[in-house]
> 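My questions all concern the structure below.
We name chains A, B, ... by the order of the sequence lines, and we start the count at 1 in each one. Just so you know, these numbers use all the heavy atoms, side chains as well, and skip hydrogens, waters and symmetry mates.
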Amino acid sequence: MSAYRAKSAGRGGDEYRLWGSDADFLPGDGQYQHEPKYCARFGSASAFHQLWRQRPHSPDAWHRVGRKCRHAAQTAGILRIRLPDNQTSLNDREISFLDIRPARTRLAPSPTGRFHLANARNALYSYLVARQTGGQFILRVEDTDQRRFVPGAEEVIVLSLEWLGLTPNESPFHGGQHGPYRQTERREIYQHYAKILIEKDSAYPCFCTPERLDQMRKEQEARKVDRVRYDGLCRRLDPENAARRVASGEKYVIRFKMPYEGTTTAHDHIRGNIVTENRYLDDYILMRSDGLPTYHLSAMVDDHEMKITHVLRSAEWLPTFPLHVQIIRAFGWDEPIWIHPSILLKPSGKGKMSKRDTAAAMKDGHSIFVDDLDGLGYTPEGVLNWIALMGWGVAEDDVMTLDEMIERFSIDNLTPSPAAINFQKLDHFNGTHIRLLTTEELARRVKPFLTNAGFDVDDDTLLKVTPLIRERLVTLDDSIPFAGFFFKGTVEPNPEDLIAKGLDARQSAEIARKAYDILASLPDMSHQTAEPPMREFVETSGLSANQVFGILRVAVTGQKVSPPLFESMEVIGKENVLERLQKARTLLESL
RNA sequence: GCCCCCAUCGUCUAGUGGACUAGGACGCAGCCCUUUCAAGGCUACGACCGGGGUUCGAAUCCCCGUGGGGGCACCA
């Protein structure tokens, strides 16, 4: 995998360089000096690769491409940035555009519940960043809260990722060089780092009991303080004294020593700098009395140990974002690029999805849980496309496969505002991607739904049926009403439905008889041979196509709505068609 | 209550000071195609939260409101 990097030659510098590990298409010594006014942004290494091959290295050529592609740039994954005349250097944001070293990203769910849309979206974006830079996507299980641990949740997470096609490079199940990938298996690591923090005077042991904390909180609330926070009793303890108490086996937690004054500036890639006054922050607990870390410590330690370059997590973490930045700075580590995609709102746009909304969605054939979506007949392609666009601004051509997303995705196009879930859009994308599937693939995916519905499915018939139902499916289980009758020996039409509009039972029976005669006289039941004589019959009879074909449809398929009639009859076969027609006629005559 | 985040069609969004008569997609409505249902094609409807600035010029920059969301645990 290639790695490219571009960087400003320094503040106020006027030169931009690209270099990469894959020097064979970089000119000369592997460096290329840009026209100072322009720099390139690469959505992906391969997009860059392509452009590089196409264009000669003259500044004019770059210029031309840049002007022309302003709009098309998004789709090509390449965009030229023209620096304003008074700007001579790139800012951090712009530099990060250019930085496409292999990224290491991670999904860090806690095995406490089900794998839902927000998890899936974070996984997708993380996966995309990793893949387009030739990096790794990691799954880390954050199971430090053992009280909330749900057995089997880990498996659901991995299975869901697998189903979506977002297979991690490293995980508790896939292994890797930076494991273990389960936090409960990393206790000693956190203890080691907590100790370092105490040594650096950025953390301290706290012996306050839950009861005292509770009382303290109540007092503060009674005083109507702006911010209820730890009063610092143990922070003022003499370190040696504290160490003695720890050694004596007294119960304690470890707290972060938050500065009482000043501000913390944290940089989110989507929102820019977020400045928080430290007095609104707290001496958060890093290590619990059970010896396990809280998220604040474990996530920072693991992201560092696992060499994570881009931290993608829900915007719910924004309030504690400054804390996390402080912890990392206290250690003296490099910060990753922080990306907080907006939260997902319920379809009404009012609030996060709740249990009640989830139940309502289920009743409607929808769900926010990935493992439900599978059973509901949704395809990974459709689901992926759907979630991708909640928070990723794509100007045009928003139907994409995973590979196309890898080409086009950029963390720079993520949107900061909360997005409401829209299940209609899921249906749209699902139907669209179903239509994009090959016949063989669609047949393969539809089969289990038919089989589960009790149909005895043979592959030859299914392969013939699939093209007929393809553009009618929103979900895969829609194949049951549309294709089920192909796999039944007989059908039981509703007698009422057999009577054509404007006609009575007698007349309808007569039409069935004539149709029978015509079809029986044919050499075969292919739609090419069957349709013309039937059309001719419609013409000469003075009846409408609607009436005649309607009777035929109900008789042959047993239902008023079906795939195209003659193609369906071809699949069902002459003998069977005639049999069903005969039965319909008898039924009509008995009315 | 306090802190933080956000603000363009009903929804997802494009938009980075003039190319904006604000573009696309979903949905909705109509038309075309059509044996049903779809799919497809075309057309319509539809938005810059409000008020102040800055500027020759603001959807875009700043401030103040308002509205929405999130967070205030030995949960993540």
> If I pick the C1' atom on B/A44 and the same atom on B/A29, what distance separates them, to the nearest angstrom?
7 Å

> For A/Gly431, answer base if it contacts any base atom (sugar-phosphate contacts may also be present), sugar-phosphate if it contacts only those atoms, and nothing otherwise; contact means non-hydrogen atoms under 4.0 Å.
nothing

> With nearest nucleotide decided by heavy atoms, which residue, A/Lys560 or A/Met287, maps closer to the 5′ end of RNA chain B?
A/Lys560

> Base, sugar-phosphate, or nothing: which does A/Arg217 touch, judged by heavy atoms less than 4.0 Å apart?
sugar-phosphate

> Check the orientation of A/His269 and A/His267. Use parallel for under 30°, tilted for 30 to 60°, and perpendicular for over 60°.
perpendicular

> So A/Cys208, base contact, sugar-phosphate only, or nothing? Heavy-atom distance under 4.0 Å.
base

> Using the C1' atoms only, state how far B/G15 lies from B/G1, rounded to an integer number of Å.
38 Å

> For B/C61 and B/G67, measure between their C1' atoms and round to the nearest Å.
22 Å

> Without decimals, in angstroms, what is the distance between A/Glu277 CD and B/C3 P?
9 Å

> If you only use heavy atoms from C-beta on, which nucleotide in B/U35, B/G69, B/A76 is closest to the side chain of A/Arg553?
B/U35

> Whom does B/C49 pair with, Watson-Crick or G-U wobble, provided both distances fall under 3.5 Å?
B/G65

> With respect to the side chain of A/Ser110, which nucleotide from B/C4, B/A76, B/C26 is positioned closest?
B/A76

> Which value, rounded to the nearest 0.5 Å, describes the distance between A/Arg470 atom CZ and A/Ser479 atom OG?
13.0 Å

> Mind calculating the distance between CG (A/Asp283) and P (B/C72) to the nearest angstrom?
17 Å

> Name the residue from A/Arg187, A/Gln183, A/Arg182 that meets the side chain to side chain donor-acceptor pair (under 3.5 Å) definition with A/Glu185.
A/Arg182

> Ring-plane angle category for A/Phe369 and A/His116, please: parallel below 30°, perpendicular beyond 60°, tilted otherwise.
perpendicular

> Pick the C1' atom in B/G10 and in B/G57, then give their distance to the nearest Å.
33 Å

> Output yes when A/Glu531 and A/Arg535 qualify as a salt bridge under the 4.0 Å nitrogen-oxygen rule, no when they do not.
yes

> C1' atom, B/G65 versus B/C28: distance in rounded Å?
34 Å

> Over all strands shown, is A/Pro322 touching base, sugar-phosphate only, or nothing at heavy-atom distances under 4.0 angstrom?
nothing

> Within this structure, what is the NZ-to-C1' distance between A/Lys346 and B/G68, rounded to whole angstrom?
13 Å

> Name the closest nucleotide to the A/Pro418 side chain, picking from B/C75, B/G69, B/A25.
B/G69

> Between B/U13 and B/G27, how far apart are the C1' atoms? Round to whole Å, please.
14 Å

> Look at A/Arg470 and B/A39 and indicate whether a side-chain polar atom (N or O) is within less than 4.0 Å of OP1 or OP2.
no

> Does any donor-acceptor pair link the side chain of A/Ser289 with the base of B/C74 at a separation under 3.5 Å?
yes

> By the 4.0 Å heavy-atom rule, please label A/Ser314 as base, sugar-phosphate, or nothing.
nothing

> Among the nucleotides B/A38, B/C37, B/G24, which one has an atom lying closest to any side-chain atom of A/Phe482?
B/C37

> Mind checking who B/A38 pairs with, Watson-Crick or G-U wobble, both distances under 3.5 Å?
none

> Using a cut-off of strictly less than 4.0 Å, decide whether A/Thr415 has a side-chain nitrogen or oxygen near OP1 or OP2 of B/U13.
yes

> How about A/Asn273 and A/Thr265: does a side-chain donor come under 3.5 Å of a side-chain acceptor?
no

> Is A/Arg212 salt-bridged to A/Asp231, going by a charged N under 4.0 Å from an acidic O?
yes

> Report yes if at least one side-chain N or O of A/Tyr295 is closer than 4.0 Å to OP1 or OP2 of B/A76; otherwise report no.
no

> I want to check one thing: is the phosphate of B/G40, taken as OP1 and OP2, less than 4.0 Å away from some side-chain N or O of A/Arg435?
yes

> Indicate, with a heavy-atom threshold strictly under 4.0 Å, whether A/Leu389 touches base, sugar-phosphate, or nothing.
sugar-phosphate

> Can we say A/Glu277 and A/Arg227 salt-bridge, meaning some charged N sits less than 4.0 Å from an Asp/Glu carboxylate O?
no

> Closer than 4.0 Å, any side-chain N/O of A/Arg147 to the OP1 or OP2 of B/C75?
yes

> For the pair made of CG in A/Asp397 and C1' in B/G23, what is the distance, rounded to whole Å?
13 Å

> Could you check which of B/U36, B/U11, B/U35 has an atom nearest any side-chain atom of A/Phe549?
B/U35

> Suppose we define a pair by two distances each less than 3.5 Å, Watson-Crick or G-U wobble; what does B/U11 pair with here?
B/A25

> Has A/Arg288 got a side-chain N or O lying under 4.0 Å from the OP1 or OP2 atom of B/A73?
no

> Between A/Thr294 and A/Ile285 (side chain of the first, backbone of the second, donor and acceptor by atom type, cut-off under 3.5 Å), is there such a pair?
yes

> Would you tell me if any nitrogen or oxygen in the side chain of A/Arg223 comes within less than 4.0 Å of OP1 or OP2 on B/G1?
no

> So what does A/Pro210 touch, heavy atoms closer than 4.0 Å: a base, only the sugar-phosphate, or nothing?
base

> For A/Pro563, answer base if it contacts any base atom (sugar-phosphate contacts may also be present), sugar-phosphate if it contacts only those atoms, and nothing otherwise; contact means non-hydrogen atoms under 4.0 Å.
base

> Just to be sure I understand the rule, does A/Lys224 reach a base, reach only the sugar-phosphate, or reach nothing, if contact means heavy atoms closer than 4.0 Å?
nothing

> Where each residue is assigned the nucleotide of RNA chain B containing its nearest heavy atom, which of A/Glu567 and A/Ser348 is assigned the position nearer the 5′ end?
A/Ser348

> A/Leu344 has an atom CG; how far is it from atom P of B/C6, in whole Å?
17 Å

> Determine the Euclidean distance between corresponding P atoms of B/C63 and B/U54; express it in Å to zero decimal places.
15 Å

> So which nucleotide from B/C37, B/C74, B/C4 ends up closest to the side chain of A/Arg472?
B/C37

> Check every strand shown and say whether A/Ile274 touches a base, only sugar-phosphate, or nothing at a heavy-atom separation below 4.0 Å.
sugar-phosphate

> Side chain of A/Tyr280: nearest nucleotide among B/G70, B/C3, B/U35?
B/C3

> Measure from the side-chain heavy atoms of A/Leu345 and tell me the nearest of B/G71, B/A73, B/G69.
B/G69

> Which whole number of Å gives the distance between the P atom of B/C5 and that of B/C9?
22 Å

> Of the options B/A76, B/C5, B/G70, whose atoms approach the side-chain atoms of A/Thr144 most closely?
B/A76

> Tell me: CZ of A/Arg408 to P of B/A25, nearest whole Å?
13 Å

> Rounded to the nearest Å, what distance is computed from the NE2 atom of residue A/His428 to the P atom of nucleotide B/U11?
19 Å

> Is any side-chain N or O of A/Arg227 under 3.5 Å from a base N or O of B/C72, one able to act as donor and the other as acceptor?
no

> Under a 3.5 Å cut-off for both contacts, is B/G1 paired Watson-Crick or G-U wobble with anything, and if yes, with which nucleotide?
B/C72

> Given atom CH2 of A/Trp317 and atom P of B/C72, what is their separation to the nearest angstrom?
9 Å

> Under 30°, 30 to 60°, or over 60°: which ring-plane class applies to A/Trp317 and A/Tyr295, parallel, tilted or perpendicular?
parallel

> Nearest to the side chain of A/Lys352, heavy atoms from C-beta on, is which of B/C12, B/G70, B/A76?
B/G70

